[in-house]
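Here's the structure we're looking at; comments come further down.
Sequence lines set the chain letters: A, B, ... in the order given, protein chains first and strands last, and positions in each chain run from 1. A quick note: this is a predicted structure, and the numbers were derived from the prediction, not measured.
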There are 2 protein chains.
Amino acid sequence: MAKEKQATSSDVLRLENQLCFRLYAASKEVVRRYRPHLEPLGLTYTQYITMMALWEEESLSMKELGARLDLESSTLTPLVKKLETAGLVTRQRSTEDERSTVVGLTQAGRDLHDKALSVPACMADDLAIDTSLGLQLIDDLDELLQQLRTDNQDR
Amino acid sequence: MAKEKQATSSDVLRLENQLCFRLYAASKEVVRRYRPHLEPLGLTYTQYITMMALWEEESLSMKELGARLDLESSTLTPLVKKLETAGLVTRQRSTEDERSTVVGLTQAGRDLHDKALSVPACMADDLAIDTSLGLQLIDDLDELLQQLRTDNQDR
DNA sequence: AACGATTATATCGCACGCGATTTATTTTGG
DNA sequence: CCAAAATAAATCGCGTGCGATATAATCGTT
């Protein structure tokens, strides 16, 4: 392997693998760290981001939820049903388009918002990520996601 | 900590502000993009990175594999058993420490390496990530992972 | 040597996550 | 106006992913 600065073709090929694996590892690690903070709320990470979307909008269709969370209906349907069973959300067919299912918050779901307010601060403490690194990663991940989604269209 | 722009409590909860969500979304998207390239090999992404580790080392214990891939034995055991069923790897108890299970490559597993060589190039084409963005993300994710793992120790 | 602690895997239960398919509803083109 | 295409959810099957626990082997201490 070349030791100097020069990038060989195998370096370039390896880049994709390395980037993917690091994303995969970092994502799993951060979600793992969420678990203890979310457990008192009775939520998993995916349920938590679903509730976050609803705390912002109060009510969203399954399609809108899927677009925001980047999840398929096959993932979302059972997940939202669990939240419904837990008494946090309601599910009902839209009156204007009966193909659409609208998910809304119950009072218990709204109430959970207050308890959830402490989660980001706890996570910030727990992760103890350097702030400038965090901000830079957010920017770069946004750019990555945008690049991934724009060239999604020619597939 | 204090910025000129004060963050409100609801800003803190906002989906778009969360590093974690971006990692989660980016990781899923990249793994999704791998799928069509790995399907001809009969591998999932997790199976692929497992085989990559073995193509590098020829033989690894379950513990070593878990450390490399950042996976628990509860994930790894069934996964490696599937690779064994597919005829790609062997599993046997270590003779020197019978607690340890050693995973090795079969000839079919070694042969698969050649077919897999084209995958990173296909992914590089497919993702079409800006090189400097990719390199920067790798560096930043490395730093993130290191920070996560060092303060893991006081938990 | 003995036995409690540690270590390496394996097992179990639960929750994603998605492609493929199905069902119900709306939209559209002739 | 109506059948075909498109759309929105739901369902199914399979493969992770992990915490909790179980099991077996080794280590450490006396």
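L83(B) has its side chain out of reach of L54(B): every pair of non-hydrogen atoms, C-beta onward, lies at least 4.5 Å apart. A heavy-atom distance below 4.5 Å is found between the side chains of L23(B) and L23(A).
Atom CZ of R35(A) and atom C1' of dG17(D) are 8 Å apart (whole Å). Distance, D70(B) CG to dG19(D) P: 11 Å, rounded to whole Å. L71(A) places its CG atom 19 Å from the P atom of dT16(D), with the value rounded to the nearest Å. Remark: P of dG17(D) and NZ of K28(B) are 13 Å apart, rounded to the nearest angstrom. Rounded to whole Å, atom C1' of dT7(D) lies 15 Å from atom CE of M62(A). In this structure, Y45(A) atom OH and dG17(D) atom C1' are separated by 16 Å, rounded to whole Å. Here the C1' atom of nucleotide dG17(D) and the CG atom of L65(B) are 16 Å apart, to the nearest Å.
OP1 or OP2 of dA10(D) has at least one side-chain nitrogen or oxygen of R91(A) nearer than 4.0 Å. The side chain of Y24(A) places no N or O atom within less than 4.0 Å of a non-bridging phosphate oxygen (OP1 or OP2) of dT16(D).
Here dG19(D) is the nucleotide among dT16(D), dG19(D), dG17(D) with the atom lying nearest to any side-chain atom of S74(B).
You can see that DNA chain C meets the heavy atoms of chain A within a 4.0 Å-exclusive cut from dA15(C) to dT26(C), reading 5' to 3'.
Contacts of T44(A) with the nucleic acid, taken as non-hydrogen atoms under 4.0 Å apart, involve only primed sugar atoms and P, OP1 or OP2. Residue-level contact check: S100(A) touches the backbone only, with heavy atoms under 4.0 Å from sugar-phosphate atoms and none from bases.
With respect to the salt-bridge test (charged N to carboxylate O, under 4.0 angstrom), the residues K63(A) and D97(A) do not qualify. We find that E29(A) and R32(A) are joined by a salt bridge, their nearest charged nitrogen and carboxylate oxygen being less than 4.0 Å apart.
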Interface polar pairs with nucleotides 25-27 of chain D, N/O, under 3.5 angstrom:
| unit_1 | atom_1 | unit_2 | atom_2 | d |
| --- | --- | --- | --- | --- |
| dT26(D) | OP1 | E98(B) | N | 3.1 |

